Structures are given as C-alpha cells and as structure tokens.
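What follows is one structure encoded as structure tokens, with my remarks underneath.
All of these numbers come straight from a predicted model, not from anything done at the bench. Letters A, B, ... are given to chains in the order of the sequence lines, protein chains preceding strands, and every chain is numbered from 1.
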Amino acid sequence: MSKWLICAAWPYINAVPHLGTLIGSVLSADVIARYLRLKGEEVVFVSGSDEHGTPIEVEAIKLKISPKELTDKYHQLVKKLFERWNISFDNYSRTENPIHVDFVRRFYLKLYERGYIYEKEIEMPFCSQCQMFLPDRFIEGECPYCHYKGARGDQCDSCGRLLEPTRLINPRCNICGGKPIIKRTKHWFFDLPKLANELYKYVENNEKLPPNARNMSLAMLREGLKPRAITRDNKWGIPAPFPGSEGKTIYVWMEAVLGYITATIEFFNRRGEENRWKEFWLNEDTKSVYFIGKDNIPFHTIIFPALLIASGENYVLPWTVSSTEYLLFRGEKFSKSRRVGIWIDEALELFPVDYWRFSLLINRPENKDFNFTWEAFKESVNSHLNDTIGNFIHRTLTFIYKNFGSKIPKVNNLFEEDEKEVNKVKGMVQKAEKLLDDFKIRESLITIVSIAAEGNRYLNERAPWDLIKTNRDKAAQVMYVAAYIVKVLAVTLYPFIPTSAQKIWNMLGYEGVTRDWGEAYILPKAGQQIKKPKPVFKKISDEDLKNALQKLEEIRQRN
RNA sequence: GCCGGGGUGGCCGAGGGGUCUAAGGCGCCGGACUCAUAAUCCGGUUUUCCGGGGUUCGAGUCCCCGCCCCGGCACCA
C-alpha cells in the first residue's frame, strides 16, 4: 500500500467552473482517487477554491461588494456543485482558509530567510482614479501593429502579438477608462535561476512525467529561468510577510499552489490527527499526482517544485502530472462573457450526472483539443452507455430474473467455452486497470465499454434463450458467466460513474458499496438473489435534446 | 517572434521505421437473432496518413522547408 496525494488544480472562483475546467482537473482526479481507493491505496484527494487576485477584486468592485463576499458565495456554491457531481474530495478547501494564509506567510518568510527572495524597485502602470496598480491585461488600447482598438496590455487578441502596456496607443484603464500613469513600486522576487540545476535534475530524472510536460519543461530550463515577482500591489490577497512589505500581497499563483499542502493539513486537523499530513508531504515515497489543463504545466513542473525545494524541508516533489488539452464548445473556446459553453451548474439541470461524467471522460482530451457537440454527447450516452453497457446489464439480469427464479444460477463446473470467456474478460479488466495506472482514463473507459460489448457478443453466440429449452444446465452456465460480466462492470465503472455503478452492484444483489477492485476478478456467488432489474440508463431522444436546449435557455434567462 | 505539442477516412480516434494495401468506434448498406431499452451480434463500406523535398531495401512513423491549429513565453489565473 502506498500513500497518494491526488491534487486537482484549484478552480479560479470568479464564476462557476465550466465543463472544460471540470474534465481538466477535478473530474479526472476523482476517477483516479476513486480507483486508487478501490485498490486499497491510501489516498488523500484535495483541491479548493482559488479566490485571490485582481480579476476577483475588480469583479467585486463592479458588483459593489467586498471580494470576500463574492468568493464566500461562489465557494459555497461550487463546493455544493462538486458534491452533486460526486467528486470524492477528502477536502475541498479555499485560499482564504486561515491555515492556508498562515502557512503561506510562514513559508515565504522561510524562503526569504534562506536567501531565495530579494526585493527590487520596478515601474508599473497605475490608475490614479482607481488608486491601484494595473496588471497588463487590465489596460486596453490600440494595438501598435494591427491597430485593433481592444488590445490588452499583455497581448493583442486580434493579431496575437505580445505587447507591453507602454506600447499601446491611447492606453486606458479597463475598470474606469482613465489613462494610466507609470509609477515606481517595490516588489519581492523569487530567485528561480538559483534553483535551475536542481530543477533540471528533478525534471530529467522524473521519467514518470508525460513526454509533453517533460519536453516543455526541459526546454524552458535550458533556455534559462528568470526571477519571478511574487508580490502584488493588490489589496485582495495574502499579506506579504517580508520586512517592509506592508500593503503588498502574495501573487495568487505563488500561493494557490501551496494550497495542495494546506488542504491536506486542514483535512488531518479536522480528524484530530495534526501531524499526519507530514506522513504524506514529508515522505519521499508518497506519490503525488496533479491533474491540470495544458496551460498549467510549467507551474507544476517548475515553479511549484522550485518553491518546495527552496523551502529546504524535503517536501515530496510532484511524482507526475496528468494534463489535458482543452475542451472546446462547438468549435469555440468556452467564454463566460459570450456564454459559449456549458457550466457545471447548468449541466446538472439538463441530464443525470453520470451521463455527463461518462461523456466527458470517454472524450477526455488527452492528446488534442476535443470539440464538445451535442451530437457527440448524445452519441456517447446512447450508443456506448445505454446501448452497449446498459442493455447488456438489463438483458442479463432480466433473463436471470425470469428464468432462474431471480437467483444467479448455480453451476458445478464451467464448460470450456464459458471458462474461456471468464478468462478473456479477466484479461480485459487487467487492461483497463493497467491503463488507469498510467492515467489513461479515456482509453480505460473505452476498454470497459468493450467488456460490455464482449458480454453482448458472448450472449448472442451462446444463445441461452435456446439452451434453456433443451439444456437448462448449459443455459445456467452462460448466465452465470454473464452475471460475472455484470459484476465486472459494476466494479470497474465505479470510478467513472459511481452512482450508476452502485445501482448495478445493488441490483446484482450485493449490499453496501463497491469497495474493492479485486472483486472484478472474483466470480459471483451462485444462488445470490438479485433485485428486480430496471434499466439503469435511458437513451437521449432528439426530443429530449431539444427540451434540454430549451431548458438551458430558460436557466440563462433566469440568471 | 521564440519554445513545446499537434494536423490520420463523412465524423471521433489508435498507431512514433517493416506484422499499415492504417486498429477501434460513430455513420451508412446488407444479414442473423429475438433474452433485452427499435436493442444486440455478424459481414460489408471508406482514408495513403496537412503540402513539398529528403534519408532508407522499406516512412503516418525519422530529417529539412512551408502552411494551419493549440499552449507557454514569467505582472491573467
């Protein structure tokens, strides 16, 4: 048994997350957390709301409420939503959590004392009206290259070129429209170059890292790292702890990643086991896995490990990261302002949670961006979840229910072809298992679908509806094996669609919950009484889809 | 612009020098079956792998040039 830290990227909580955020971090992580627990591993699964930074501060100003009021509201909401999505967090925390705030301040003070942080004066755009320094992207103006009027201080959305705010024509503050001035300010910098050698060693020796993350990180390290500012002039954030840093806060990114640690601390504190977090974080054998979107790779392969190394406290470095590409919505990027996409609150109003989980997971963008379309959603639910899996389970259970007095039939010895079938299925379970071990979630789920397809093929070939007329024993054998395949599905589907897997498990006559992946290799008990079967899934008709889209419109009108 | 990843049939997608005249799925066509949710199963159907050049006995697979998409580039998170 090993110790595992399953860490899902912290959603930025200026709004409800959309489906892309969900599949990229939290949902993928949930599958692995559930899987590892089934395997008997010791797992702590954490994430939380990332609630500091300029966008939230600005959003709160616009709504005329305090940032804390804003994040309180969203944090509560999102926490509940994740529960409804059946995300099995051990702790879903937040960056306003006092344990986090305190930990971050002490952590950075330590880095300062160890000589990894220095201060420097720089020039920054400042809005006199708003009385605040403006991050580059809060300045708008005309692009000096393509003369697009809405270019931001960091980049022009029209021609894609990188910019600096000073080069914009007619720069203005994105909040009040005023003209920013340039003002000197002091900031604290994290001396990344000092850690370059150790980081290079870490990345190079970490053959567990996926090739894309590894190549990118090594390339960045070869090109050389630059020091990185860790303070901001924001009011909304964790107060910087350095001498003379009053009024400054820690840059969100540099503190939110430490949340993986503080959420673990909080989790064990709540259980009255104050020191147990150390068994995970200060243990070189702990395997920590980070579920992130592709934009997030360098933060988890370079900056986060750098912070951990700099602390000198022997925190366990990321064992690996599992990054996804993006989910697109009908060919476009999700966009809150333009309402392109589906949000995790809306989705739950439209279809059962397991339909969403299944569809998102079987289309998980592991190699390239995946384009969400309603047709693709419908196809995955209808053809794979309902027709292949659902129908196999239903035809098996109803056959047993009707012909064998609702008991899994008794067999003395399996015939050769039935025995062979059992072994074939066991091999497929092994394959699904191996794929999950490598975090190939999508492929693993596809393999499980093919187990159901194999069950269908087997039933057609052995035709127990004929056998039962001539040779009841033979039919019993076939149905016993089919019942085993249903059991396999109940166990292996659990990490992906826990509610439905649970239903299948109970329908097979088991009490309680599926707790052990090993059950997928154990034949069911003959004579076990099954429940009256009911279809676990149902098809989405064109009509259903139409209604859902209409409902979506209504939800959006309401809000 | 620089760095990393990617471009495979109508669509989704495996495959990273020979077993690729390219897996699997969806769709479509035909058949079987009737236990089951008009489901299931079997067979067929389609691409020569973004474009061009090269290396090699042999290239989706390696190299070079170009085009396109995604991400990063350090003050968005």
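For A/Ser217, the side-chain hydrogen bond (donor to acceptor under 3.5 Å, both in side chains) partners are A/Thr301, not counting sequence neighbours.
A/Ala453 comes within 4.0 angstrom of sugar-phosphate atoms only, judged by non-hydrogen atoms across all strands, and of no base. Counting non-hydrogen atoms under 4.0 angstrom, A/Leu192 reaches a base of the nucleic acid. Looking at heavy-atom distances under 4.0 Å, A/Asn403 makes no contact with the nucleic acid at all. Counting non-hydrogen atoms under 4.0 angstrom, A/Phe299 reaches a base of the nucleic acid. Residue A/Asp154 is classed as a sugar-phosphate contact, given heavy-atom separations below 4.0 Å to backbone atoms only. Using a 4.0 Å heavy-atom distance criterion, A/Arg137 is classed as a base contact. Using a 4.0 Å heavy-atom criterion, one finds that A/Arg442 contacts the sugar-phosphate atoms exclusively. Residue contacts for A/Gly390: at a heavy-atom cut-off of 4.0 Å it reaches a base atom on one of the strands shown. Within 4.0 Å of A/Gly224, counting heavy atoms only, lies at least one base atom of the nucleic acid. Contacts of A/Arg232 with the nucleic acid, taken as non-hydrogen atoms under 4.0 Å apart, involve only primed sugar atoms and P, OP1 or OP2. Residue A/Thr396 is classed as having no contact, given no heavy-atom separation below 4.0 Å to the nucleic acid. Here A/Lys469 lies out of heavy-atom contact (under 4.0 Å) with every strand. No engagement by A/Ile297 is indicated, since no non-hydrogen atom pair under 4.0 Å with the nucleic acid exists.
When the side-chain nitrogen and oxygen atoms of A/Lys368 are compared with OP1 and OP2 of B/U8, one or more of them lie within a distance under 4.0 Å. OP1 and OP2 of B/C76 both lie 4.0 Å or more from every side-chain N or O belonging to A/Lys336. Between A/Asn367 and B/A14 there is a side-chain N or O to OP1 or OP2 distance below 4.0 Å.
Remark: the separation of the P atoms in B/G4 and B/G66 is 15 Å, to the nearest Å. To the nearest whole angstrom, the two C1' atoms, one in B/A38 and one in B/G60, are 40 Å apart. Using atom C1' as the reference point in both B/G24 and B/U46, the two lie 15 Å apart (nearest Å). Between B/C76 and B/G6, the two P atoms lie 28 Å apart (nearest whole Å). Taking atom P on both nucleotides, B/G1 is separated from B/C12 by 28 Å, rounded to a whole Å. Comparing the C1' positions of B/C63 and B/G25 gives an interatomic distance of 34 Å, to the nearest angstrom. Using atom P as the reference point in both B/U21 and B/C26, the two lie 25 Å apart (nearest Å). The P atoms of B/U61 and B/U19 are separated by 14 Å, rounded to the nearest whole Å.
In this entry the distance linking CD of A/Glu375 with P of B/G27 reads 13 Å, nearest Å. The interatomic distance linking A/Arg214 (CZ) with B/C3 (C1') rounds to 17 Å, in whole Å. Whole-Å rounding puts the A/Asn234 CG to B/C76 P distance at 11 Å. In this structure, A/Asp466 atom CG and B/C35 atom P are separated by 9 Å, rounded to whole Å.
Because its NZ or CZ atom is not both nearer than 6.0 Å to the ring centre of A/Phe190 and within 45° of the ring axis, A/Arg228 does not count as a cation-pi partner of that residue.
Annotation: A/Phe304 is in aromatic contact with A/Tyr260 [ring centroid separation under 6.0 Å]. Checked against a 6.0 Å centroid threshold, the rings of A/Phe299 and A/Trp253 count as neighbours.
Considering only side-chain atoms of A/Leu225, the nucleotide from B/A77, B/A74, B/G13 that sits closest is B/A74. If you check B/C35, B/G7, B/U40 against the side chain of A/Asp387, the one that comes closest is B/U40. Candidate nucleotides B/C35, B/G71, B/G13 were compared by shortest atom distance to the side chain of A/Phe370, and B/G13 ranks first. For A/Ala219, the side-chain atoms get nearest to B/G4 when compared with the rest of B/G4, B/G71, B/U34. The A/Asn212 side chain lies nearest to B/G5 when the options are B/G5, B/C41, B/A74. The side chain of A/Trp465 sits closest to B/U34 out of B/G5, B/U37, B/U34. Nearest nucleotide to the side chain of A/Arg395, out of B/C35, B/G71, B/C76: B/C35. Distance from the side chain of A/Asn215 is smallest for B/G5 among the nucleotides B/A14, B/C3, B/G5. Taking the side chain of A/Asn460 as heavy atoms from C-beta on, and the options B/U8, B/C35, B/A77, the nearest nucleotide is B/C35. The A/Glu379 side chain lies nearest to B/G25 when the options are B/C42, B/G25, B/G71.
Considering A/Lys424, A/Glu421, A/Glu454 as possible partners of A/Ile485, the one that fulfils the side-chain contact (heavy atoms from CB on, under 4.5 Å) test is A/Glu421. Between A/Glu255 and the options A/Val101, A/Leu307, A/Ile238, a side-chain contact (heavy atoms from CB on, under 4.5 Å) holds for only A/Ile238. When each of A/Lys248, A/Arg184, A/Lys186 is checked for a salt bridge (charged side-chain N to carboxylate O under 4.0 Å, His left out) with A/Asp233, only A/Lys248 meets the rule. Only one option out of A/Trp356, A/Tyr355, A/Phe370 pairs with A/Phe377 in a ring-ring contact (aromatic ring centres under 6.0 Å, His included); it is A/Trp356.
The base of B/U40 lies outside donor-acceptor range of the side chain of A/Asn391, with no N or O pair under 3.5 Å. One donor-acceptor pair, N or O on each side, does fall under 3.5 Å between the base of B/A77 and the side chain of A/Tyr251.
Anti is the glycosidic conformation of B/G30, whose angle departs from 0 by more than 90°. Nucleotide B/G60 carries a syn base; the chi torsion (O4'-C1'-N9-C4 or O4'-C1'-N1-C2) is within 90° of 0.
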Without placing hydrogens or testing angles, list every side-chain donor-acceptor pair under 3.5 Å for residues 327-335 of chain A, not counting sequence neighbours.
unit_1: A/Glu332; atom_1: OE1; unit_2: A/Arg338; atom_2: NH1; d: 3.1
unit_1: A/Ser335; atom_1: OG; unit_2: A/Ser337; atom_2: OG; d: 3.4
unit_1: A/Ser335; atom_1: OG; unit_2: A/Arg338; atom_2: N; d: 3.0

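Nucleotide B/G1 forms a Watson-Crick or G-U wobble pair with B/C73, both donor-acceptor distances falling under 3.5 Å. Under the Watson-Crick or G-U wobble criterion, with both distances below 3.5 Å, B/G43 is paired with B/C29. B/A23 makes up no base pair with any nucleotide shown, lacking Watson-Crick or G-U wobble contacts both under 3.5 Å.
Open room surrounds NZ on A/Lys179; 12 or fewer heavy atoms of other groups in view lie less than 6.0 Å from it.
Using a 4.0 Å cut-off on heavy atoms, the residues of residues 532-541 of chain A that approach RNA chain B are A/Pro535, A/Val536, A/Phe537, A/Lys539, listed by number.
Aromatic ring orientation, A/Phe404 versus A/Phe399: tilted (interplanar angle from 30° to 60°).
The residues A/Glu51 and A/Arg94 are annotated as salt-bridged, a charged nitrogen and a carboxylate oxygen being separated by less than 4.0 angstrom.
Comparing A/Tyr458 and A/Phe189 by the nucleotide of RNA chain B whose heavy atom lies nearest to each, the residue mapping closer to the 5' end is A/Tyr458.
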